[in-house]
Amino acid sequence: FVFLFLFFAQATYTRNQVWAEQVTLLKQDVAFNQENVRAKYSLAVWYSRNGRPEDALSAVKDMLRNNRQGLDSVQLTLVVALLIDDEQYSEALDLIEATLAGSLSNRLRGDFLRLEGTALTGKGEDAEAIMKFEESMRLSPLTYEGGLGYTYSLIQVGRLDEAKIQLERLEQRFGRKPRLELLQQVLEGAR
């Protein structure tokens with residue numbers, strides 16, 4: 001009886017240690033369910049939210065390698081955002097193009113067009129980025145990040161008056177933020 005009690009006590013303690021750290025639990029979930037997209041996505045989200053972008057990108061790439069066709073739009077959005085953050089613009093654009101070729105709601109199409117604009121801005125293809133941002137705005141309003149990319153691309157192609165108007169709209173909508181102030185400085189330097 002004492003032996004069984006000690007065995008179950010140790011097992012319970014070990015299980016509780018795993019549950020105490022969320023990342024350990026998520027890693028175990030992935031280890032036990034290699035084909036489970038949700039498990040890999042949850043781990044990637046945890047890494048992303050906890051300042052570990054390299055690990056998030058690694059988890060996402062593993063998810064893509066094994067399940068590209070089975071990802072939903074939320075999962076694809078995270079994948080693309082992490083690729084853009086890691087400046088892997090060509091890979092992000094390939095994934096965006098494949099996603100846009102499918103059937104999407106207007107809101108999702110707008111989201112992916114914004115991401116496409118952001119990737120194109122990162123590549124320095126500002127004229128094309130502007131077209132993607134403007135197409136996305138016909139479907140849904142720009143997000144803060146999308147607005148920054150759109151405004152930056154406007155500055156880069158010399159559409160400074162439009163960039164100024166866009167900056168004012170972003171400030172009205174999102175408040176005075178440090179990145180908006182930096183963009184204001186870029187605009188003033190371009191004048």
(message) Donor-acceptor pair, distance only, cut-off 3.5 Å: does the side chain of Ser58 make one with the backbone of Glu54?
(response) no
(message) Once rounded to the nearest 0.5 Å, what's the spacing between atom OG1 of Thr77 and atom CG of Leu115?
(response) 6.0 Å
(request) To the nearest 0.5 Å, tell me how far Gln166 CD sits from Leu180 CG. (result) 10.0 Å
(message) A side-chain contact here means heavy atoms from C-beta on lying under 4.5 Å apart; do Tyr89 and Leu120 qualify?
(response) no
(message) Check Glu145 with Arg179, please: is the shortest side-chain N to carboxylate O separation under 4.0 Å?
(response) yes
(message) In this structure, would Leu76 and Val45 fall into the same cluster of hydrophobic residues linked by side-chain contacts under 4.5 Å?
(response) yes
(request) Please name the pair of heavy atoms, one in Thr121 and one in Gly149, separated by the smallest distance, quoted to 0.1 Å. (result) OG1-O, 3.7 Å
(request) Kindly indicate whether the side chain of Ile155, heavy atoms from C-beta on, has any atom under 4.5 Å from the side chain of Leu160. (result) yes
(message) Just verifying a value: how many Å separate Lys132 NZ and Leu100 CG, rounded to the nearest 0.5 Å?
(response) 7.5 Å
(message) Would you say OH of Tyr41 has more than 12 non-hydrogen atoms from neighbouring residues, nucleotides or ligands within 6.0 angstrom?
(response) yes
(request) Check whether any side-chain N or O of Ser136 sits under 3.5 Å from a backbone N or O of Phe133 as a donor-acceptor pair, and report yes or no. (result) yes
(message) Between Leu57 and Gln88, is the side-chain contact (heavy atoms from CB on, under 4.5 Å) condition met? List the steps.
(response) CA-CA 11 Å; Leu57 191 58; Gln88 296 184 36; 3.3 Å; yes
(message) Is any side-chain heavy atom of Glu116 closer than 4.5 Å to one of Glu135?
(response) no
(request) Determine whether more than 12 heavy atoms belonging to other residues, nucleotides or ligands lie under 6.0 Å from atom CZ of Arg49. (result) no
(request) Mind listing the closest non-hydrogen atom pair of Ala44 and Leu78 along with its distance? (result) CB-CD2, 4.1 Å
(message) Is there a path of hydrophobic side-chain contacts, each under 4.5 Å between heavy atoms of I/L/V/M/F/W/Y residues, joining Met137 to Tyr152?
(response) no
(message) Treating Arg176 as the side-chain partner and Glu171 as the backbone partner, does any N or O pair qualify as donor plus acceptor under 3.5 Å?
(response) no
(message) Pair Glu134, Arg138 - check salt bridge (charged side-chain N to carboxylate O under 4.0 Å, His left out), show working.
(response) CA-CA 7 Å; Glu134 290 174 347; Arg138 287 190 286 275; 5.6 Å; no
(message) What I'd like to find out is whether the side chain of Ser48 reaches to under 4.5 Å of the side chain of Leu82, using heavy atoms alone.
(response) yes
(request) Give the minimum heavy-atom separation between Ala129 and Gly117, together with the two atoms involved. (result) CB-O, 3.4 Å
(message) I'd like to know if the side chain of Thr118 reaches the main chain of Arg114, judged simply by a donor and an acceptor atom lying under 3.5 Å from each other, with no hydrogens or angles considered.
(response) yes
(request) Please tell me if the side chains of Arg52 and Trp46 come closer than 4.5 Å, counting only heavy atoms from C-beta onward. (result) yes
(message) Could you measure the distance from the OG1 atom of Thr151 to the CG atom of Leu170? Nearest 0.5 Å is fine.
(response) 4.5 Å
(request) Please report the shortest heavy-atom distance between Asp126 and Ser153, naming the atom on each side. (result) OD1-OG, 2.9 Å
(message) Test of understanding: clusters of I, L, V, M, F, W, Y form through side-chain heavy atoms closer than 4.5 Å, transitively. Do Leu95 and Phe112 belong to the same one?
(response) yes
(request) Using the rule that two of Ile, Leu, Val, Met, Phe, Trp, Tyr join whenever any of their side-chain heavy atoms come within less than 4.5 Å, decide whether Val157 and Tyr150 are in one cluster. (result) yes
(message) Please give me the minimum heavy-atom distance between Tyr144 and Phe174, naming the atom from each residue.
(response) N-CZ, 3.5 Å
(message) To the nearest 0.5 Å, what is the distance between NZ on Lys177 and CG on Leu148?
(response) 9.5 Å
(request) Decide yes or no for Ser90 and Lys123: does some side-chain heavy atom of the first lie under 4.5 Å from some side-chain heavy atom of the second? (result) yes
(message) I'd like to know if the side chain of Arg173 and the backbone of Leu142 have a donor-acceptor N/O pair within less than 3.5 Å.
(response) yes
(message) The test is side-chain contact (heavy atoms from CB on, under 4.5 Å); show your working for Leu108 and Asp111 and say whether it passes.
(response) CA-CA 5 Å; Leu108 281 174; Asp111 290 347; 4.1 Å; yes
(request) Show your reasoning for whether side-chain contact (heavy atoms from CB on, under 4.5 Å) applies to Gln185 and Leu182. (result) CA-CA 5 Å; Gln185 293 172 4; Leu182 287 173; 3.8 Å; yes
(request) State, without any angle test, whether Gln184 and Glu188 hold a side-chain donor-acceptor pair at a distance under 3.5 Å. (result) yes
(request) Look up atom CZ in Arg109 and atom OG in Ser103, then write down how far apart they are to the nearest 0.5 Å. (result) 7.5 Å
